[in-house]
Amino acid sequence: MRPERYNVRECEAKWRKAWADAEIFKTDNGDPRPKYYVLEMFPYPSGRIHMGHVRNYAMGDVVARYKRARGFNVLHPMGWDAFGMPAENAAMQNNTHPRTWTYANIDAMRAQLKAMGLSLDWSREIATCDPGYYKHQQKLFLDFLAAGLVARKKSKVNWDPVDQTVLANEQVIDGRGWRSGAPVEQRELTQWFFKITDYSDDLLSSLDRLDRWPEKVRLMQKNWIGRSEGLSIRFAVDPATLGPLKGEPQASELEVYTTRPDTLFGAKFMAVSPDHPLASAAARRDPALAAFVEECRRMGTSVAAIETAEKKGYDTGLKVLHPFDPEWRLPVYVANFVLMEYGTGAIFGCPAHDQRDLDFVHAYGLGVTPVVRPPEADPATFVIDKVAYDGAGVMINSRFLDGLTVDEAKEEVARRLEQMTVGGKPQARRQVNYKLRDWGVSRQRYWGCPIPIVHCWNCGTVPVKAEDLPVRLPEDVSFDQPGNPLDRHPTWKHVACPKCGEPATRETDTMDTFVDSSWYFVRFTDPHNASSADDPGIADHWLAVDQYIGGIEHAILHLLYSRFFTRAMKKCGYLNLDEPFAGLFTQGMVVHETYRGADGQWLAPSEVRVEAEGETRRAFALGGEGPVEIGPTEKMSKSKRNTVDPDDIISTYGADTARWFMLSDSPPERDVIWTEAGVQGAFKQTQRLWRLVCQIESVVGPDRPPAPARYGEEARRIRTLAHAALARIEDEIERLRFNVCVAAVYELANELSAAVGAIGEAPVADDLRAAFAEAGDILVHCFAPMMPHLAEECWETLGHKTFVSQSPWPVADRGLIVSSDVTYVVQVNGRKRGELRMDRDAAQERVERAALALDAVRRAMDNKRARRVIVVPHRIVNVVV
RNA sequence: GCGGGCGUGGCGGAAUUGGUAGACGCGCCGGAUUUAGGUUCCGGUGACUUAAAGUCGUGGGGGUUCAAGUCCCUCCGCCCGCACCA
């Protein structure tokens, strides 16, 4: 018989409606089964979903559907990261309100996601721009404030001149704003900060316990936090060199931070940052220094600027005393390579063992004295010339340190300096430093969560009362001029002080949108409240997220902020855990060829026809003339126009094909290349699977035979194939190796297809029918998490009245897979010469004899004696001659 | 510069974690069905010796081992992250 073609469009719509009507993906918090929380990073509602979303959500859905089948109470929610700049830009361009634009996008994208057939609990959908969401966030802000986790500080901040807002350090990429791409400027502003540095050590040390996170992400976070152990040393300034700075409090001593106190006898100079108070004080009396400081500030922070910048300094004329030699003076420079933000903003320079210091002394002729000799260096010839040595070794030229190792010398210097004093205080103390800075969250934007603070002339900064939350964004705003519409709104910011009742003004900054995404995974656990006050334990019940899936681009930003938030929420009594994401997976990008016409314009894949002639491929513009150049394969982007619209794919081939292809070709952590041929191939496979299931159904017949007591040989073989595939696919889904799952499904389908094809016209015995029925069920289960619509249609065809989406995962009979005989590979001197089928429990001796008796083995042994025979049970025999 | 990853057929990639290299898919070649194209089905497909039987083969070189894509050393190439962090 010839089965009908699987009608993708009708079937997919039918099953999606059936799932929705039966509400089978709705999650009940009270369900007693063990919980499993799968989450994919929620999207920004930009307008349309892209293929990256398809890949991300297809992966998450496989896990959700699989875990559901394995008997877990699965939470798999979706929401919208809905605040942000693009809504304001759209408002400016199209004269729409950001809210209107955002919600229209959400509606469009929700429809697209629904067309993918994802097993989401849509009843828990959230949008971060909903006052019902951000009122909790405002409460969190106030609780963090009360707990001492929020600070208001005046500081130098990264100012994005295009977006006209402040950016966090994490949001400055290569000296440019992460969104606008504009070179970031430094400005001094008063800002709200989350004190993420309170948790520097915890955030770092806990990384070790995140054993289900990619090593790469943990390393990136480790480097970002940037812990270093060192010594803070105070140097006394020689009063004779003070000159006009006499009496300046910041000029009597200079504190530096170093991780290399062992190199103190190699010191040649001191250097302070242009922003250091000492530099400022000296510059007030020295116009030339003031000009130098100004020049340093103008220097760019981009990669190119830093790489090409010369080490420059300005000699202040000040000198400090070497702690171990009262006669030894070190000159104090203001230097362009010293950062005020790290350590104390001042260093001592040891040129022999620090490349920057070496470059610096070469420019200013301050000399080089090596104090660490590498173990392999010849003492007679060892010198430092153009390359500093920063490795381990033995101390030289260092008086009482000579002969010690670097580590011993560090300890010795620390020990001595801790006991010495300068100005009545210990000269040095051990200190741990971090690169991590506090998280500045103030943004001078409208479309964000208002910071619930009132500024009062009498009372200072006053929190809005909890019962007055949320502080809502005003609706009547205009975007006809740059800047923050909240700031120039005629009435919104004028309120009575919550404390004294006098006229006061609201904080007009809104929160960084990364705050919104730092706790949304908590919000999903209970759609009715996010505070533990009403329903304690709900969040703790669901968290941590068992499997989180998203792009590597959030390795630091979102993932670090969320880890901080979880700790802060714990401190405030919301949660009782530290780590929000137990398992993390970062998936690769979707990439596509690029096309460029003769005029240099980018062409979209839909505007190009590609022809292959043997191994050469050529592209032509549709409806145009002239050659089209096929360019490199890159991340899908609007600018290169190499995007493919998921809607087009889904309407042409169906959601299952799109999902299947996204999962099939590449390992999930790697980039996947989108090709038309690949999608067509995936589509072909959906039809093949459908035909196979129809064939199986016709072999089994309408009445399923019960499982017989004994199976014949062929039936046993079929069962073994099915159970082996099932066991394999289980293991691979657990490891998120979806491409291997796909291959395993093909393998099983190929085998079953051959087996079905081998059946003639004669009636089929009951045991074989039973085996095929079982194998058919298993096959459908194996691809159901990936192609759920097709799986439902097949499930129904196989005579089931239930949803496969709700059916328990078949139990793989792993005993069945272990066959009674095994195949040994027989090698002579490590080269394969033959195969040997033996009983599973055959004694080693028998295996050895049988191997040596093989013709091919005897030929290869060439009449020599076997010197040794290695038998690895059930695997291999290696004859060594 | 520092840190990390990767390198397997024409292509995407498998390889029981030291035990048959190339599963599975794409592409290509041949055949069947078809008026034709498409679809579908069957067979082939790492290279070399035109067959048999072999030899070579996982970026290059070296090593450990009965046995190496897998472990070690070294060199080459590509990719990613960080950015003067004292």
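Side chains included, hydrogens not; waters and symmetry mates left out as well; all remaining heavy atoms used. Note on naming: letters A, B, ... go to the chains in the order of the sequence lines (proteins, then strands), and numbering restarts at 1 for each one.
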Would A:T197 and A:D438 count as a side-chain hydrogen bond (donor to acceptor under 3.5 Å, both in side chains) here? Give the steps. CA-CA 6 Å; A:T197 57; A:D438 277 334; 2.7 Å; yes

Check if the side chain of A:R735 and the base of B:U17 share a donor-acceptor pair of N or O atoms closer than 3.5 Å. yes

Decide, yes or no, whether a salt bridge links A:D731 with A:R814 under the criterion of side-chain N to carboxylate O below 4.0 Å. yes

What does A:S664 touch in the nucleic acid at a heavy-atom separation under 4.0 angstrom: a base, only the sugar-phosphate, or nothing? nothing

Going by heavy atoms closer than 4.0 Å, what residues in residues 736-745 of chain A are next to RNA chain B? A:R737, A:N739, A:A743

Could you tell me how far B:U35 sits from B:G27 if I compare only their C1' atoms? Round to whole Å. 28 Å

Return the value, rounded to whole Å, for the distance between atom OH of A:Y257 and atom C1' of B:A86. 9 Å

Ignoring the backbone of A:R868, work out which of B:G12, B:A53, B:C66 is nearest its side chain. B:C66

Identified pairing partner of B:U33, criterion: Watson-Crick or G-U wobble below 3.5 Å: none

Taking the same atom, C1', in B:U45 and in B:U34, what whole-Å distance lies between them? 26 Å

Across all strands, who's sitting opposite B:C11 as a Watson-Crick or G-U wobble pair, both distances under 3.5 Å? B:G25

Salt-bridge contact A:D201-A:R227 (side-chain N to carboxylate O under 4.0 Å): yes

Between B:C48 and B:A32, how far apart are the C1' atoms? Round to whole Å, please. 32 Å

Counting distance only, does the side-chain N/O of A:Y824 pair as donor-acceptor with the main-chain N or O of A:M838 below 3.5 Å? no

Ion pair check, A:E835 and A:K832, cut-off under 4.0 Å: yes

Select base, sugar-phosphate, or nothing to describe what A:R833 touches, counting heavy atoms under 4.0 Å on all strands. sugar-phosphate

By nearest-nucleotide position on RNA chain B, the 5'-leaning member of A:D665 and A:E215 is A:E215

Could you check how far CZ of A:F783 sits from C1' of B:G25, rounded to whole Å? 17 Å

Looking across every strand, which nucleic acid part, if any, lies under 4.0 Å from A:R670 by heavy atom: base, sugar-phosphate, or nothing? sugar-phosphate

Does B:C26 have its OP1 or OP2 closer than 4.0 Å to a side-chain nitrogen or oxygen of A:K684? yes

Can a donor-acceptor pair be found between the side chains of A:Y257 and A:S228 at a distance below 3.5 Å? yes

For B:C41, take OP1 and OP2 only and decide whether either is under 4.0 Å from a side-chain N or O of A:R691. yes

With distance as the sole test, does A:T633 use its side chain to make a donor-acceptor pair with the main-chain N or O of A:H592 at under 3.5 Å? no

By the 4.0 Å heavy-atom rule, please label A:S228 as base, sugar-phosphate, or nothing. sugar-phosphate

Would you mind pulling out the nucleotide paired to B:U39, Watson-Crick or G-U wobble, both distances under 3.5 Å? none

Could you give the distance separating B:G22 and B:G31 at their P atoms, to the nearest angstrom? 28 Å

Please state how far atom CD in A:Q680 lies from atom C1' in B:G27, giving the value in whole angstrom units. 13 Å

What's the NE2-P distance between A:H276 and B:C85, to the nearest Å? 17 Å

Identify the pairs formed between an N or O of the protein and an N or O of nucleotides 19-22 of chain B at a distance under 3.5 Å, and give each distance.
from, atom 1, to, atom 2, distance (Å)
B:U20, O2, A:K832, NZ, 2.8
B:U20, O2, A:E835, OE2, 3.4

Any side-chain N or O of A:Q355 below 4.0 angstrom from OP1/OP2 of B:A86? no

Is A:E747 paired with A:R728 through a side-chain N to carboxylate O contact shorter than 4.0 Å? yes

Nucleotide nearest A:V880 (side chain, heavy atoms from C-beta), chosen from B:C66, B:G25, B:G81: B:C66

For A:V372, is there any backbone N or O sitting under 3.5 Å from a side-chain donor or acceptor partner on A:H353? yes

Does a nitrogen or oxygen in the side chain of A:R356 sit under 4.0 Å from OP1 or OP2 of B:C85? yes

Nearest-angstrom distance from the residue atom CG of A:D390 to C1' of B:C85: 14 Å

Side chain of A:P667 (C-beta onward), nearest among B:A14, B:A86, B:G25: B:A14

Atom pair distance, as rounded to whole Å: CD in A:E310 and P in B:C84: 17 Å

In Watson-Crick or G-U wobble terms, both distances under 3.5 Å, what is the partner of B:A51? none

Complementary nucleotide of B:C56, counting Watson-Crick and G-U pairs under 3.5 Å: B:G46

Expressed in whole Å, how much space separates the P atoms belonging to B:G69 and B:U8? 15 Å

Could you give the distance separating B:C28 and B:G10 at their P atoms, to the nearest angstrom? 16 Å

Determine the interatomic distance between C1' on B:A52 and the same-named atom on B:G62; round to the nearest Å. 37 Å

Which nucleotide, if any, forms a Watson-Crick or G-U wobble pair with B:C82, using both distances under 3.5 Å? B:G1

Between B:A23 (P) and A:E732 (CD): distance, integer Å: 17 Å

Which is it for B:G9, anti or syn, if anything within 90° of zero counts as syn? syn

Polar contact flag, side-chain donor to acceptor under 3.5 angstrom, A:R218-A:Q221: no

May I ask which nucleotide in the shown strands pairs with B:G69, Watson-Crick or G-U wobble, both distances under 3.5 Å? none

Does A:L219 or A:V338 map to a spot on RNA chain B nearer the 5' end, using the closest nucleotide for each? A:L219

Taking the same atom, P, in B:A47 and in B:C42, what whole-Å distance lies between them? 23 Å

Kindly assign one of parallel, tilted or perpendicular to the pair A:F360 and A:Y333, based on the angle between their ring planes and the thresholds 30° and 60°. perpendicular

If we call it a pair only when both distances are under 3.5 Å in a Watson-Crick or G-U wobble match, what pairs with B:G77? B:C6

Without decimals, in angstroms, what is the distance between A:R227 CZ and B:G3 P? 19 Å

Syn if the chi torsion is within 90° of 0, anti otherwise; quick check, which is B:U58? anti

For A:D354 and A:Y389, indicate whether the former's side chain and the latter's backbone hold a donor-acceptor pair under 3.5 Å. no

Carboxylate-amine/guanidinium contact A:E255 A:R429, below 4.0 Å: yes

Identified ring pair (Phe, Tyr, Trp, His ring centres under 6.0 Å) partner of A:F661 from the options A:F683, A:Y653, A:F738, A:W674: A:W674

Closest to the A:A677 side chain: B:C84, B:C26, B:G12? B:C26

If you compare every side-chain N and O of A:R260 against the phosphate oxygens of B:A86 (OP1, OP2), does one of them come in below 4.0 Å? no

Heavy atoms under 4.0 Å, any strand shown: does A:N433 hit a base, just sugar-phosphate, or nothing? nothing

